[in-house]
Amino acid sequence: MQNYLPVMIGLRYLRAKRSNAFISFVSLFAFLGMALGVFALIVVLSVMNGFDRELKERILRTVPHGFIEPVGGLSDPEALMGQLHGSVGVQGLAPFVKTNGLLTFAGNARGVEILGVDPLYEPAVSGVHNFMRQGNMSDLKAGEYNILMGGLLARFLGAGVGDTVTMTLPEVMITPAGVFPRSRAFTIAGIFDTGAQGDQTLVLMHLADSQKLLRLGNKSHGLKVKTDDIYSAPHVLNQLAQQVAHAKVTDWSTTQGHLFQAVKMEKTVVGFLLGIIIAVAAFNIVTSLVMMIAEKRSDIAVLRTMGLSSSNVVAIFMTQGLTLGVVGIAMGASFGILGALYIPDVVAWLEQLFGLRVFDPSVYFVTELPSQWRPYDSAMVCTGALLVSILASIYPAYRASQIAPAEALRYNI
């Protein structure tokens with residue numbers, strides 16, 4: 001019973017009616033601040049996780065997991081594909097040719113990324129064929145100079161399936177009449193919508209047509225690689241590099257890593273800024289305990305004269321501070337997890353109720369607020385908030401234990 005006495009006294013002090021109403025207000029504010037901070041952190045981190053997931057899924061629909069680019073080009077792609085096929089971690093291989101150019105139609109122009117692909121092998125490394133709004137990957141046929149483009153690019157140019165667009169390369173032709181940029185007319189055979197950045201800039205054409213356009217003969221720039229696990233791509237590509245002499249090997253973490261690093265940094269910064277709410281709540285815990293100790297000085301003195309040790313006095317006020325923190329953390333975590341799980345539905349309901357759109361489909365790739373709750377993030381937030389509550393309670397509790405009973409009773413404080 002003696003061991004639980006400080007806890008019982010601390011909880012009783014917490015429930016007792018205050019002679020100073022301001023102490024109750026500060027305690028309530030500390031509790032609500034802790035709950036709000038934990039709630040906000042869990043929900044915002046879940047939303048950031050959702051955006052990170054959407055970026056990975058959408059961008060990697062069109063971006064291969066890796067590239068193998070032999071120095072001087074690849075003369076026999078099928079031979080190298082046969083050599084690498086069956087390697088550990090490799091799910092698909094496909095030859096490619098890439099360059100940049102300018103696409104024009106009806107007075108509109110847009111810089112694009114041009115990718116020459118083989119329709120036979122491309123589905124093994126890219127999911128573009130699953131997001132065709134019009135046309136099919138099979139509409140790319142050698143010699144017909146057809147192209148597939150993203151929906152946002154087609155909308156910007158004002159072009160549609162069947163229209164003829166002009167593609168200009170960053171190369172020049174020297175003729176008797178002078179120097180002219182190289183250009184070629186192409187017919188739009190299909191439009192895709194992947195919901196990623198490629199919808200604005202990516203143009204696909206048949207591998208043979210791109211080889212003729214760039215005067216490569218039968219050469220390709222290299223192979224695109226799809227791995228069994230996206231996160232194992234760097235390791236798998238390094239293994240493949242040992243099998244291909246004089247080749248440049250890159251993976252998605254190199255080509256797209258800066259974007260995901262930016263998202264990770266943004267998540268860290270936002271988490272730190274929202275953590276200030278928890279810090280403010282901790283200061284309120286300190287304030288409420290200091291005021292409580294000032295009010296209970298005579299009670300502390302009486303308890304000390306009755307044999308209560310200084311460590312027990314520390315335990316009394318640690319109990320008060322931790323109770324404020326733990327109850328606030330529990331409430332904030334409960335509502336935060338519910339918010340993280342259901343915030344997409346709530347936002348969708350509010351959009352429908354008020355006729356608003358948080359994400360305009362014509363501007364953003366993500367049309368709904370994404371959220372992905374991760375237990376690890378919630379555990380880290382709650383652990384951090386608990387540590388802050390402990391630290392906030394230590395100093396006031398220690399000062400309470402240093403009160404001299406005789407002096408406190410002498411002045412009847």
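- Shown here is M81, whose CE atom has more than 12 heavy atoms of other residues, nucleotides or ligands within 6.0 Å.
- Under the side chain to side chain contact (heavy atoms under 4.5 Å, CB included) rule, Q211 has a single partner from L214, L213, L207, which is L207.
- Separation of atoms CG (L74) and CG (L216) is listed at 11.5 Å; rounding is to 0.5 Å.
- Pairs of residues two or more places apart, or lying in two chains, that qualify as salt bridge (charged side-chain N to carboxylate O under 4.0 Å, His left out) and include a residue from residues 82-100 are E69-K98.
- When all heavy atoms of L41 and G275 are compared, the closest pair comes out as CD1-CA, 4.1 Å.
- Between D229 and V236 the shortest side-chain heavy-atom distance does not fall below 4.5 Å.
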Check the pair V97 / M205 against side chain to side chain contact (heavy atoms under 4.5 Å, CB included), numbers first and verdict last.
CA-CA 9 Å; V97 168; M205 67 174 63; over 6 Å; no
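- Closest approach of S220 and P77 over heavy atoms only: OG-CG, 3.6 Å.
- Summarising the geometry, atom CE belonging to M167 is positioned 5.0 Å from atom CD1 belonging to I147; distances are rounded to the nearest 0.5 Å.
- Scanning both residues, S389 and M34, for their nearest heavy atoms gives OG-CE, 3.3 Å.
- Counting heavy atoms from C-beta outward, V71 and K248 have side chains that stay 4.5 Å or more apart.
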For residues 104-115, run the donor-acceptor check on the side chains, cut-off 3.5 Å, and write out each pair with its distance to 0.1 Å, sequence neighbours left out.
residue: T104; atom: OG1; partner: T166; partner atom: O; Å: 3.4
residue: N108; atom: ND2; partner: L157; partner atom: O; Å: 3.1

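- Heavy-atom minimum distance, R53 versus S371: NH1-O, 3.6 Å.
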Quick one: do T187 and T164 satisfy side chain to side chain contact (heavy atoms under 4.5 Å, CB included)? Show the steps, please.
CA-CA 4 Å; T187 302; T164 299; 3.9 Å; yes
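- Minimum heavy-atom separation, A189 to V161: O-CG1, 4.1 Å.
- Around the CG atom of D228, the shell of radius 6.0 Å holds more than 12 heavy atoms that belong to other residues, nucleotides or ligands.
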Donor-acceptor pairs under 3.5 Å, side chain of residues 326-345 to any protein atom, not counting sequence neighbours: which ones?
residue: S334; atom: OG; partner: A330; partner atom: O; Å: 2.8

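- With sequence neighbours left out, S393 forms a side-chain hydrogen bond (donor to acceptor under 3.5 Å, both in side chains) with no residue at all.
- In terms of the salt bridge (charged side-chain N to carboxylate O under 4.0 Å, His left out) criterion, D118 has no residue partners (sequence neighbours excluded).
- When the side-chain hydrogen bond (donor to acceptor under 3.5 Å, both in side chains) test is applied to T227, the partners found at least two apart in sequence or on another chain are H65.
- Each side-chain hydrogen bond (donor to acceptor under 3.5 Å, both in side chains) pair with one or both residues in residues 133-148, not counting sequence neighbours, appears once here: R133-D193, E144-N146.
- Contacts of K219 classified as salt bridge (charged side-chain N to carboxylate O under 4.0 Å, His left out), with partners at least two apart in sequence or in another chain: none.
- Under the rule for a side-chain contact (heavy atoms from CB on, under 4.5 Å), the partners of L387 that lie at least two apart in sequence or sit in another chain are T383.
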Between L80 and D76, is a side chain to side chain contact (heavy atoms under 4.5 Å, CB included) present by the stated rule, with each step listed?
CA-CA 7 Å; L80 183 57; D76 191 354; over 6 Å; no
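- Taken to the nearest 0.5 Å, the CE atom of M149 stands 10.0 Å off from the CG atom of L202.
- Legend: residues meeting ring-ring contact (aromatic ring centres under 6.0 Å, His included) with Y121, ordered by chain and number and at least two apart, are absent.
- Between H206 and L140 the shortest heavy-atom distance is CD2-O, 3.3 Å.
- The salt bridge (charged side-chain N to carboxylate O under 4.0 Å, His left out) analysis of residues 380-389, with sequence neighbours excluded, yields no pairs.
- A 6.0 Å sphere centred on CD of Q91 holds more than 12 heavy atoms belonging to other residues, nucleotides or ligands.
- No donor-acceptor distance shorter than 3.5 angstrom exists from the side chain of D52 to the backbone of M48, with no hydrogens or angles considered.
- Under the side chain to side chain contact (heavy atoms under 4.5 Å, CB included) rule, L153 has a single partner from T201, D199, L103, which is L103.
- A distance of 4.5 Å separates SG in C382 from CD1 in I42, rounded to the nearest 0.5 Å.
- Here the side chains of Q243 and Q83 are in contact, with some heavy-atom distance below 4.5 Å.
- Residues meeting the ring-ring contact (aromatic ring centres under 6.0 Å, His included) test with F96, sequence neighbours left out: F67.
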Test side chain to side chain contact (heavy atoms under 4.5 Å, CB included) applied to L152 and R155, step by step:
CA-CA 5 Å; L152 293 179; R155 186 185 307 169; 3.7 Å; yes
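- Under the 3.5 Å distance criterion, the side-chain polar atoms of D209 are left unmatched by any main-chain donor or acceptor of A142.
- With values rounded to the nearest 0.5 angstrom, Q242 atom CD is found 11.0 Å from S87 atom OG.
- The shortest side-chain heavy-atom distance between V249 and L240 does not fall under the 4.5 Å cut-off.
- In this structure, OG1 in T194 is found 13.0 Å from NE2 in H129, a value given to the nearest 0.5 Å.
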